[in-house]
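Every chain is numbered from 1 and lettered A, B, ... according to where its sequence line falls, protein lines coming before strand lines.
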Amino acid sequence: MGGSMSADADLHSPVIDWFDENARDLPWRRPEAGPWGVMVSEFMLQQTPVSRVLPVYAGWMARWPSPAVLATDPPGEAVRVWGRLGYPRRALRLHAAATAIAQLHGGKVPSEHAELLALPGIGEYTAAAVASFAYGQRHAVMDTNVRRVFARAVSGIEYPPTATSAAERRIAQRLLPLDERTAARWAAATMELGALVCTARSPECVRCPISAQCAWRLAGSPAHEGPPRRGQSYAGTDRQVRGKLLAVLREASGAVSQAALDAVWQEPVQRARALDGLVADGLVEAVAGGVYRLPQ
DNA sequence: AATGCGTGGAT
DNA sequence: TATCCAAGCAT
């Protein structure tokens, strides 16, 4: 098995105390955000930086202060307000989740992990995050930040593996404080530490509250072994074409012509494939006669 | 298990 | 300029 219980416990207080002093004042952390605000923020933050989420979150919550209100608007409006956050299928899934909450949960964001997991767009991470941040429950919340912190502090490696491993889950469970309140604080604190200090590219170990106990640091900060984790290319892909097509639809007040969509990409085969994909995903509706619009 | 899915800032 | 990276999910 891994390290001793005392070594694990020595991490809790420094990290939580650091969080008490350094936590960002983010809108979804305020009491008025409520479970719905937490849930909206988690959808928006999937693969998207905080700085870009902030303005969209504000607009979203002002227009749709509850899942029931969102459910009364067409999904295309969610896609429109989503704007340029990226991965617009998230907007569709958030709308679908709001509809399910309105219909199946009396309009209240469920508090049980299994009920959250059953909602569209909510996977293991988001279910744990909402249950922990919104309801104060005890869950191992493993996002890219937490995984990196544990990889370094506990496993002594610079980056976690590409896919979450059983070993990582064991470590997260082992480190999770037994007390529910403390566990919820720990989850937020470890995530914030990864986001602000133990960052991917240039960690600021001098500001880290557990640098003296960090296995990676103690090993001399060895460089990442193995093949470079390939970043996704973007230019020229279907994703870029989909983005350009959807941008036209978002910015139009109503339906748009085939000609307007054709103008965004010269190559007709890829353009058609991208448009078909958007329709298949439910992000675009084909109206009669080569006219398209956001879904209603 | 490996892919596809947006976008823009930082280095 | 090219690459990396950002609170993942669904298939």
Quiz item: Any idea which of C/dA6, B/dC5, C/dG8 is nearest the A/Asp238 side chain?
Solution: B/dC5
Exercise. Would you mind classifying the nucleic acid contact of A/Leu246 as base, sugar-phosphate or nothing, using non-hydrogen atoms under 4.0 angstrom?
Key: nothing
Quiz item: Given that A/Pro49 and A/Arg89 both sit by DNA chain C, which one's nearest nucleotide is further toward the 5' end?
Solution: A/Pro49
Quiz prompt | Salt-bridge criterion met for A/Glu192 and A/Arg29 (N-O under 4.0 Å) | solution = yes
Self-check item: Comparing A/Ser51 and A/Arg239 on DNA chain B - which has the more 5′ nearest nucleotide
Solution: A/Arg239
Self-check item: Inter-residue atom distance A/Asp238.CG - A/Gln270.CD, 0.5 Å rounding
Solution: 4.5 Å
Quiz item: Between A/Arg80 and A/Glu251, is the closest basic N to carboxylate O distance under 4.0 Å?
Solution: no
Quiz item: Under 4.0 Å: is that the gap between some side-chain N or O of A/Thr126 and OP1 or OP2 of C/dC9?
Solution: yes
Quiz item: Does A/Arg201 get its side chain close enough to the base of C/dC4, under 3.5 Å, for a donor-acceptor pair?
Solution: yes
Quiz item: Counting only side-chain N and O atoms of A/Gln47, is one of them less than 4.0 Å from OP1 or OP2 of C/dG8?
Solution: yes
Quiz item: Using a cut-off of 4.0 Å on non-hydrogen atoms, how would the nucleic acid contact of A/Tyr234 be classed: base, sugar-phosphate, or nothing?
Solution: base
Practice problem: Looking at every strand, decide which applies to A/Gln240 at a 4.0 Å heavy-atom threshold: base, sugar-phosphate, or nothing. | Solution: nothing
Exercise. Would you indicate, yes or no, if C/dA6 has its OP1 or OP2 atom less than 4.0 angstrom from a side-chain nitrogen or oxygen of A/Arg52?
Key: no
Quiz item: side chain to side chain donor-acceptor pair (under 3.5 Å) with A/Glu124: which of A/His139, A/His113, A/Arg169?
Solution: A/His113
Quiz item: If we take the P atom in both B/dG6 and C/dT11, what is their distance in whole Å?
Solution: 14 Å
Quiz item: Using the P atom in both, what is the distance from C/dA7 to B/dT11, to the nearest Å?
Solution: 15 Å
Quiz item: How many Å lie between CG on A/Asp276 and P on B/dC5, as a whole number?
Solution: 13 Å
Self-check item: Cationic N near anionic O, under 4.0 Å, A/Arg138 to A/Asp179
Solution: no
Self-check item: Between P of C/dC4 and NE2 of A/His224, the distance in whole Å
Solution: 11 Å
Quiz item: Under 4.0 Å between a side-chain N/O of A/Arg84 and OP1 or OP2 of B/dG6, yes or no?
Solution: no
Quiz item: Contact class for A/Trp28 (heavy atom, under 4.0 Å): base, sugar-phosphate, or nothing?
Solution: base
Quiz item: When you match A/Arg90 and A/Ser202 each to their closest nucleotide on DNA chain B, which lands nearer the 5' end?
Solution: A/Arg90
Practice problem: Give the nucleotide from the list C/dC9, B/dC5, C/dA7 with an atom nearest to the side chain of A/Tyr87. | Solution: B/dC5
Quiz item: Roughly, in whole Å, what's the span from CD in A/Glu158 to P in C/dC4?
Solution: 13 Å
Quiz item: Looking only at heavy atoms, what is the nearest atom pair of A/Met191 and A/Val141, with distance?
Solution: CE-CG1, 3.5 Å
Self-check item: Distance-only donor-acceptor test, A/Thr144 side-chain atoms vs C/dG8 base atoms, 3.5 Å
Solution: no
Quiz item: Contact class for A/Leu26 (heavy atom, under 4.0 Å): base, sugar-phosphate, or nothing?
Solution: base
Exercise. Mind checking A/Arg24 for me? I need base, sugar-phosphate or nothing, with any heavy atom below 4.0 Å counting as a touch.
Key: base
